[in-house]
Amino acid sequence: MSYIPAIECNVREFIAFTGAGMLENGKSVFVGTGLPMIAGILAQKTHAPNLLIIFEAGGVGPILPELPISVGQSLTCHRGVAASSMHDVMASCQAGFIDYGFLGGAQIDMYGNINTTCIGDHNLPKVRLPGSGGANDIASFANKTIIIAASQSKRTFVNKLDFLTSPGYLDGPGAREKAGLPLSTGPYRVITQLATYGFDENTKQMKLISLHPGVSLEEVQDNCSFDMLIPEKYTISPEPSEKDLHILRKEIDPTGIMIGK
Amino acid sequence: MSYIPAIECNVREFIAFTGAGMLENGKSVFVGTGLPMIAGILAQKTHAPNLLIIFEAGGVGPILPELPISVGQSLTCHRGVAASSMHDVMASCQAGFIDYGFLGGAQIDMYGNINTTCIGDHNLPKVRLPGSGGANDIASFANKTIIIAASQSKRTFVNKLDFLTSPGYLDGPGAREKAGLPLSTGPYRVITQLATYGFDENTKQMKLISLHPGVSLEEVQDNCSFDMLIPEKYTISPEPSEKDLHILRKEIDPTGIMIGK
Amino acid sequence: MEVLYEGLGQLIGWHDPDENREYVLHNKSRELKDKTMTANQAVGKFIKDGDFIASGGFGHVRVSMNIIYEILRQQKRNLIMAGKTAVHDLDILVGNGCVDRVEVAYSFGHEIRGLSPASRRMVESGKCRVVAETSNAGYQWRFLAGMLGIPFLPSRNLMGTDTAKYSSCKVVKDPFSGKLINLIPAAYPDVAFIHVHRCDIYGNCQIDGILVEDFELARCARKLIITTEQIISSDVIRTEPWKTVIPFYFVDGVVEQRYGSHPCEMHGEYFFDEEHIAEWLDLSKTDDGVKKYSGKYIYGVEDFGEYIELCGGEKKMFFLKERQAMRVSLITPWRK
Amino acid sequence: MEVLYEGLGQLIGWHDPDENREYVLHNKSRELKDKTMTANQAVGKFIKDGDFIASGGFGHVRVSMNIIYEILRQQKRNLIMAGKTAVHDLDILVGNGCVDRVEVAYSFGHEIRGLSPASRRMVESGKCRVVAETSNAGYQWRFLAGMLGIPFLPSRNLMGTDTAKYSSCKVVKDPFSGKLINLIPAAYPDVAFIHVHRCDIYGNCQIDGILVEDFELARCARKLIITTEQIISSDVIRTEPWKTVIPFYFVDGVVEQRYGSHPCEMHGEYFFDEEHIAEWLDLSKTDDGVKKYSGKYIYGVEDFGEYIELCGGEKKMFFLKERQAMRVSLITPWRK
């Protein structure tokens, strides 16, 4: 781990906490399994009790007695407000009812485009990855997309993706609109083990917002193949409180399956 | 009544019986309220026990303890195989799962086109009628459409419709295909108080199949504004048996709400 | 995308999908909050003159009549209505001058009970205009496209007819099949009102029996008023989430109104009030009759509860429940 | 309809809507008849080499694994599979050489459990080809268009990406909004298999919990095999017709198979068998391991019942039921 938090916690806990902090009360979030789900639940248990969690396979607004390990699992509609279908939730997503979506990726570029399809040539890839899943849908439709990349490096923060699976700002300002994607959508934040980034309003390029505690600017730049925009003003990322960690460890993921021990 | 049946029955009973006879066992039929529904049930109770009855509002395959008076009524899914939605049944209809559909109309032309929209000018009609309802859908999608016109006359069998609501063969051979409608669809039979008609394979014009008992060729021609095709061979329409009438009167419509007393 | 044929009908309730997303972003709350109110408040708050409105249910089945009567009582004007097999609701709204434009799939009739004297008179005298024609599936697909947030849905009906000519559809060549295909524009009604069997205070709704078009309509309406036979606890909703047909985030207002669909039918609850429908069909043959009906059932009462009393109250409702359970025979007082 | 952009992906399972209507007319029976058969019979009768196949459910949830294992046992070859968040099913079919082409939304992974060594190896060595890319919504909409009997469904995703480039979509200008719109082609899989909680001998099916894409998939598949935990009487189906998700006329064969989704999850019934999945994930790291797994669980048994016995029988299933009811803790033997 590259950062030194005041309270001892691991990278995944820090990322989950950081993601949770971005979610607003009274808004909706499309979550996948793992850290996004944990971020959503942590937000609900802290500042956003009225956060609506929706799963792409049809589970809507569940009350979760334990952490689901799949987005289609029965638990995703456990005491939910609806147990519906992909038809229903993907339609709602396209129609603009989803405020936040989470994405991960093997590669990410300066415009927040993401590769989850393959490394190497598509026809005979060096590494075949699972593909879009719901990622292209979230990246196209969610009002704000949050990207989680737990292992930022020159290999993952690249100049050119091997495959552009899910759209960030494509090749820059106006490109999403020109491609036909819904207006007022696109990547909002990127969270890595080193820092939190946003996107420059004008250039749509990735830009530092805050360094995680103990991380240096050099570390950010050394772990990035493209030129990361560094504004004059940036901050240090807020840290989880003992209470946050207690909720994460004792209530949300007591077996440590997602956040580790 | 213009015809003289061997067994005393009224026009509506005769038409319901005639319609029932056209429905095959193991096929599906989209029915509206009234005579179509009665025809469907009579077919089920006689030669086509395995006829699947579907209602446009979502009722599928009900077992009817009494006659529904509306196509959306609860009864339409009473002990049905499904209580679904218009989305479901209209999709199935477009995808080709509906074999038979019934239509009625204020005006009909030689190609089996139907008007249920207005008499006079559309913008300020002399008589405003209900419009398509599901009729255009049935006429577009059902494999075979059966038209029921209980009061054939020069006024109803016209040369030119005031408004073409639902497609028959439009202006002749190939016109449906050219318009973009599904292949192998279109009007199959027309049942009136006088006779049963089909459509000529080549010209797609209406053509006599059988005269109802006691009806003369002159009556058919006198009650039609266009030139009805009269083939060399035509027959006399089969008549309901006492058993058929008993089922109609005692089992299907004991209050006589649809078939009259 | 060359348009080969274009209907002349007015394009009602269509919005650019991005514009509608913007509306959804700012106006549709994803917050679980108590939305209960009276019909009077709901109509006052959500429906304004000139709006494009749509009823849930189908024909005389599960229509939110308590909202219809409140619209009449508040004398809303210049409304455009979705004639999606709209019968009694449309007939009294047109007949009383609230609705002056209709997009028609099925309107101006009472199905088997006959044509609608009042609304037909308005159309035939030019006081109500039919601004577009479509079919039942056509309307269903307008709502489906709206729900999906796409500008149109392809379909293979309507083409070749005057219904298409007076519709708002466009015909193009499908690049996959090379055949013609009809593009049905999305619809986003300004306000829809749907009557359900039960929901919680947030608007999570359960409907018994067929859904007709309400799954789609609830999801495309810009404002959605739910009226319900009964408000139940959220706990019950969450026990069987698969029964939720409309989740709360599509809902703007919740009105509890027992018998709220009268004189229409409610699955498992009560039958059509054929006497009431017959009374309207008879009175509405003349303008005076329409006034008489309105004076009695609309302006003569404070709210829907009083209206139900006037229609025979619990005694009548008991009869309609018995009828629905088929323990008493059908009566058809509108038969000639 | 000028196509402005066209994906290079292979168009799998598309048919001209008229051609598909012709298929439906002659091959989909609307007759209520007993369709029960064994998995062996169903796979033998309905699935042939080279077919385009699709699983119901989602990921490791409610997948008809008893059909998957039977396909393996009958050594079907050259199948194309819908990678619609297909995980264990796709992994063992690709890993064992039955499926050699995939249209990918999500494939070659086991979600949180990690990537799939076996099927990835096949792709990375060129033995299995990815013939097209899409997304989860993209697949869902292929099925929705198929169900609707239309050639394509418009959508606003995929555009601007390599996913679109390798898809079978076409981008055109929407004549309503003037903006670009993506046209997603309909899909009609040759065969789909969907595991349900209960159905009658005719194939009227009830599913508990989320439906995922099965409503649409059931309606667009050319042949549909239903496998069910339990066959119930038609009388029960008709008592609550609103629970019927798939009516009989979409169904070609009905196979009763208790625990038929193992090692996947079944809502309200049993949990993922994490030990079994872990065993596969471990063995499938090598070709020899894949052979070992197949020898034991596929060719070493006569049918799915014997396979369940081999996996631990009723004792294991009892544990998985307890796990599903959250009375015992989650185990994750695949964790490093």
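Chain A is the first sequence line, chain B the second, and so forth, proteins listed ahead of strands; every chain is numbered from 1.
Heavy-atom distances place the side chain of A/Val60, and not its backbone, under 4.5 Å from chain C. C/Ile246 does not touch chain A: none of its heavy atoms, backbone or side chain, sits under 4.5 Å away. Only the side chain of A/Ile54 has a heavy atom closer than 4.5 Å to any heavy atom of chain C.
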Quick one: donor-acceptor pairs under 3.5 angstrom, chain C versus chain A?
from     : atom 1 : to       : atom 2 : distance (Å)
C/Asp18  : OD1    : A/Leu183 : N      : 2.8
C/Arg21  : NH1    : A/Cys93  : O      : 3.4
C/Arg21  : NH1    : A/Gln94  : O      : 3.1
C/Arg21  : NH1    : A/Phe141 : O      : 3.1
C/Arg21  : NH2    : A/Phe141 : O      : 2.5
C/Arg21  : NH2    : A/Asn143 : OD1    : 3.1
C/Arg30  : NE     : A/Asp99  : OD1    : 3.4
C/Arg30  : NE     : A/Asp99  : OD2    : 2.7
C/Arg30  : NH2    : A/Gly96  : O      : 3.0
C/Arg30  : NH2    : A/Asp99  : OD1    : 3.0
C/Leu32  : N      : A/Asn50  : OD1    : 3.1
C/Leu32  : O      : A/Asn50  : ND2    : 3.3
C/Leu148 : O      : A/Gln94  : NE2    : 2.6
C/Arg219 : NE     : A/Asp88  : OD1    : 2.7
C/Arg219 : NH2    : A/Asp88  : OD1    : 3.4
C/Arg219 : NH2    : A/Asp88  : OD2    : 3.0
C/Asp235 : OD1    : A/Arg79  : NH2    : 2.4
C/Arg238 : NH1    : A/Gly61  : O      : 2.8
C/Arg238 : NH1    : A/Arg79  : O      : 2.6
C/Pro241 : O      : A/Ala83  : N      : 3.0
C/Thr244 : OG1    : A/Val81  : O      : 2.6

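Residues A/Val81 and C/Pro247 share a closest heavy-atom pair of CG2-CB, 4.5 Å. Across every non-hydrogen atom of A/Cys77 and C/Pro241, the tightest pair is O-CG, 3.3 Å.
Contacts between residues 174-183 of chain C and chain A, counted as heavy-atom pairs separated by less than 4.5 Å, involve no residue at all.
Options A/Pro49, A/Ala91, A/Cys93 differ in how many heavy-atom pairs under 4.5 Å they form with chain C, and the most are formed by A/Ala91.
Applying the ring pair (Phe, Tyr, Trp, His ring centres under 6.0 Å) test to A/Phe17 and every residue at least two apart in sequence or in another chain returns nothing.
The stretch residues 203-222 of chain C participates, sequence neighbours left out, in no ring pair (Phe, Tyr, Trp, His ring centres under 6.0 Å) pair at all.
One distance of note links CD1 of A/Ile98 with CG of C/Leu25; it measures 12.0 Å at 0.5 Å rounding.
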